[in-house]
Amino acid sequence: MTTPPAGPTTGPAHGLPAEQRDWPGMDVAGLRILVTGFGVSGYAVADQTMQRGARVLVVDSADTPENREKARILQVLGVEVRLGAEHTGSLPADRELDLVVTSPGWRPEQPLLVQAQQAGIPVWSEVELARRMQAADGPAWLGITGTNGKTTAVTMLESILQHAGLRAVACGNVGLPVIEAALDPEGFDVLAVELSSFQLHRTEHLDCQAAAVLNVSDDHLDWHGSAPAYAAAKGRIYEGVERACVYSVADPTTRRLVEQADVLEGARAIGITLGSPGPSELGVVDGMLVDRAFVPDRHRQAAELATLEDLAHLGPHGAGPHIVLDALAAAALARAHGVEQAAVRDGLRAYRIGRHRAELVARIDEVAWVDDTKATNPAAARASLAAAERVVWIAGGDTKGADIDPLVQAVAGRLVGCVLLGADPAPFAEALERHAPDLPVVRVDPGDTGDVAGRSRLMEEAVQAACSLASAGDVVMLAPAAASIDQFRNYAERGELFAAAVERLAGANG
């Protein structure tokens with residue numbers, strides 16, 4: 001395991017005391033910790049550090065009933081919580097701090113975080129703190145990141161590990177906060193850790209046993225500032241890897257990130273491909289998922305892990321290419337941990353895809369209605385749309401600065417109609433005019449989406465419009481290629497309102 005740098009030398013008012021910088025098994029007793037952001041990870045950090053004797057202050061700009069209720073619970077236990085924008089613009093003036101642990105949603109240029117760094121106060125992610133606090137004999141970490149497919153791959157990995165008889169859990173950007181999993185009193189054998197670029201930005205020491213970057217395409221550029229900065233954040237997952245750095249053969253950025261990583265001696269680069277695998281790769285041969293990396297003689301041997309038929313239940317027309325790649329990544333990480341072939345097969349057979357990820361909602365009059373609201377960027381939408389031959393596409397939302405043109409150019413031949421959501425449909429409408437000028441396009445009037453009734457009305461009109469464009473054998477795909485925040489509370493609400501509208505359509509037709 002790598003040793004963290006000592007960090008800047010600071011006085012007792014700012015920064016970690018020397019005796020509390022050591023890790024693993026970092027002692028937080030007596031530390032003065034500021035937690036910025038009161039979401040799932042912020043609450044977990046406050047709870048876990050308070051239990052171990054830290055003096056904790058939480059700040060969040062959202063003074064909501066939900067946050068007030070969570071604050072009441074923690075305040076009984078001795079955590080101070082300050083809600084309201086007046087508490088998040090600068091460091092608290094009434095106390096000294098040793099450490100700031102920040103929410104992944106807080107941007108790097110946020111003034112409070114900049115002040116902390118200028119004052120020599122370490123600013124960490126919840127993931128960094130979890131890694132430092134976990135005991136040396138704690139669970140192994142298998143890490144997954146990427147622009148798309150993270151949640152599918154990490155929950156596939158969880159299923160495989162559990163079918164191998166291990167006490168394992170998916171955590172991080174999905175489900176359980178990492179700090180709760182790492183410090184679980186019963187102790188996990190292994191953690192399947194999903195990490196976003198936001199979490200990785202402030203995480204220096206992961207030391208995963210094995211890690212994968214599934215893919216890298218432009219996303220969150222408004223947060224990171226540039227495509228190289230975004231890719232570099234993803235690449236942090238490889239730092240300190242012990243056994244295997246898993247990358248996509250078809251995505252040269254992922255291979256470059258492996259080549260640039262500072263890993264432990266003996267760590268291997270393991271490729272995944274939809275084609276026939278070479279040595280040190282996992283791939284597909286004659287409908288079988290095959291391992292030529294974790295076998296005694298990878299130049300002459302291969303191990304069958306599963307078949308494409310084992311994944312057929314994961315898509316309306318069988319598993320799409322992106323699902324197969326996710327399965328290969330999960331298999332590679334499990335094999336790096338020492339999992340046997342049969343557990344990979346059994347875990348993939350038993351796996352069921354999560355909500356809002358290419359989820360088949362209904363079949364109505366031979367038309368498949370698919371909810372992939374989680375496709376919040378062009379690359380994710382392209383992967384979903386490529387899995388169907390004839391698509392009525394429900395698209396649009398906040399593009400976050402991404403270029404829609406290459407996506408539309410790539411999928412234009414599959415489209416039989418398009419329904420546009422979004423406060424600003426121009427990026428989609430203009431790309432469609434360039435690359436599919438004859439395609440029927442319906443623009444849904446945004447109207448007032450300030451309450452759930454307005455948002456429900458919006459989606460109801462979108463579903464009705466899609467129905468008018470679809471014929472037998474078509475797939476109606478909600479794959480927006482954009483974030484939901486311009487019109488919906490979040491991507492999940494967008495998907496739930498879609499499913500509800502489709503259910504009403506099915507009732508009316510049947």
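Computed from heavy atoms alone, side chains included, the values below leave out hydrogens, waters and symmetry copies. Given the structure is predicted, the values throughout are model-derived calculations rather than measurements.
Between the side chain of Arg132 and the backbone N or O of Met26 there is no donor-acceptor pair closer than 3.5 Å. No donor-acceptor pair closer than 3.5 Å links the side chain of Lys150 to the backbone N or O of Thr145. For Glu493 (side chain) and Arg489 (main-chain N/O), a donor-acceptor pair under 3.5 Å exists by modelled atom type. Put simply, the side chain of Tyr238 gets close to the backbone of Val246: a donor and an acceptor are under 3.5 Å apart. Remark: side-chain polar atoms of Thr376 are not paired, donor with acceptor, to backbone N or O of Ala483 under 3.5 angstrom. Using modelled atom types, no side-chain atom of Gln209 and backbone atom of Arg243 make a donor-acceptor pair closer than 3.5 Å. Without hydrogens or angle criteria, Lys70 side chain to Phe38 main chain gives a donor-acceptor distance under 3.5 Å. A donor-acceptor contact shorter than 3.5 Å is absent between the side chain of Ser41 and the backbone of Pro177. Put simply, the side chain of Asp371 never gets that close to the backbone of Glu359: no donor and acceptor are under 3.5 Å apart. Checking side-chain atoms of Asp251 against main-chain N and O of Val216 turns up a donor-acceptor pair under 3.5 Å.
Between atom CD of residue Glu239 and atom CG of residue Asp207 there is a gap of 9.5 Å, rounded to the nearest 0.5 Å. A distance of 12.0 Å separates CD of Glu158 from CG of Leu142, quoted to the nearest 0.5 Å. The structure places CG of Leu129 at 12.5 Å from OG1 of Thr102, a figure rounded to the nearest 0.5 Å. For the atom pair CZ of Phe488 and CE of Met459, the computed distance is 4.0 Å after rounding to the nearest 0.5 Å. Distance check, rounded to the nearest 0.5 Å: OG of Ser196 to NE2 of His201 gives 11.5 Å. Here the CG atom belonging to Leu421 is positioned 7.0 Å from the CG atom belonging to Leu478, to the nearest 0.5 angstrom.
Residues Leu314 and Met156 meet the side-chain proximity criterion, which asks for heavy atoms closer than 4.5 Å. Counting heavy atoms from C-beta on, the side chains of Thr399 and Ile404 come closer than 4.5 Å. Taking 4.5 Å as the limit, some side-chain heavy atom of Asp474 sits within range of a side-chain heavy atom of Val416. Taking the side chain as every heavy atom from C-beta outward, Leu16 and Pro122 approach each other to under 4.5 Å. Side-chain atoms of Gln134 and Pro24, non-hydrogen and from C-beta on, never get closer than 4.5 Å to each other. Between Val58 and Tyr43, every side-chain heavy-atom pair lies at or beyond the 4.5 Å cut-off. Looking at heavy atoms from C-beta onward, Thr203 lies out of side-chain contact with Leu195 at the 4.5 angstrom threshold. For the pair Leu113/Pro108, no side-chain contact is recorded, criterion being any heavy-atom separation below 4.5 Å from C-beta on.
With respect to the salt-bridge test (charged N to carboxylate O, under 4.0 angstrom), the residues Arg167 and Asp184 qualify.
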Practice prompt. I would like to know whether Val263 and Cys245 meet side chain to side chain contact (heavy atoms under 4.5 Å, CB included); could you show each step before the answer?
Written response: CA-CA 9 Å; Val263 301; Cys245 295; 3.7 Å; yes
Worksheet item: Given Arg268 and Phe294, is the side chain to side chain contact (heavy atoms under 4.5 Å, CB included) satisfied, shown in steps?
Response: CA-CA 11 Å; Arg268 298 168 57 201; Phe294 302 100; 4.1 Å; yes
Worksheet item: Could you walk me through whether His313 and Arg349 pass the side-chain hydrogen bond (donor to acceptor under 3.5 Å, both in side chains) check?
Response: CA-CA 9 Å; His313 60 287; Arg349 283 179 178 173; over 6 Å; no
Practice prompt. Please test His322 against Thr152 for side chain to side chain contact (heavy atoms under 4.5 Å, CB included), starting from the C-alpha separation and ending with a verdict.
Written response: CA-CA 10 Å; His322 58 301; Thr152 298; over 6 Å; no
Practice prompt. Output, in order, the C-alpha distance, side-chain angles, deciding distance and verdict of side chain to side chain contact (heavy atoms under 4.5 Å, CB included) for Leu289 and Leu311.
Written response: CA-CA 10 Å; Leu289 275 62; Leu311 304 173; 4.3 Å; yes
Practice prompt. Evaluate side-chain hydrogen bond (donor to acceptor under 3.5 Å, both in side chains) for Arg494 paired with Thr373, printing each intermediate quantity in order.
Written response: CA-CA 7 Å; Arg494 182 169 62 185; Thr373 182; 2.8 Å; yes
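Heavy-atom contacts from other residues, nucleotides or ligands closer than 6.0 Å to CZ of Arg52 number more than 12. Within a 6.0 Å sphere centred on CD of Gln341, heavy atoms belonging to other residues, nucleotides or ligands number more than 12. By the neighbour-count criterion of 12 heavy atoms within 6.0 Å, atom CD of Glu309 is sparsely surrounded, having that number or fewer from other residues, nucleotides or ligands. More than 12 heavy atoms of other residues, nucleotides or ligands lie within 6.0 Å of CZ in Arg345, so this atom counts as buried by the packing criterion.
Counting all heavy atoms, side chain and backbone alike, Val249 lies closest to Gly271 at CG2-CA, 4.0 Å. When all heavy atoms of Ala46 and Thr49 are compared, the closest pair comes out as O-OG1, 3.4 Å. Nearest heavy atoms, Ala362 versus Val502: CB-CG1, 3.8 Å. Summarising the geometry of Gly347 relative to His163, their closest heavy-atom pair is CA-ND1, 3.7 Å, with the distance given to 0.1 Å. Minimum heavy-atom separation, Ala210 to Ala336: CB-CB, 3.8 Å. Of all heavy-atom pairs between Tyr230 and Ser197, the closest is CE1-OG, 3.5 Å.
Leu305 pairs with exactly one of Leu282, Asp310, Leu348 by the side chain to side chain contact (heavy atoms under 4.5 Å, CB included) rule, that one being Leu282.
Sequence neighbours left out, the pairs with a member in residues 285-298 that pass salt bridge (charged side-chain N to carboxylate O under 4.0 Å, His left out) are Asp291-Arg335, Asp297-Arg300.
Looking only at atom types and distance, the side chain of Ser248 has no donor-acceptor partner in the side chain of Thr254 under 3.5 Å away.
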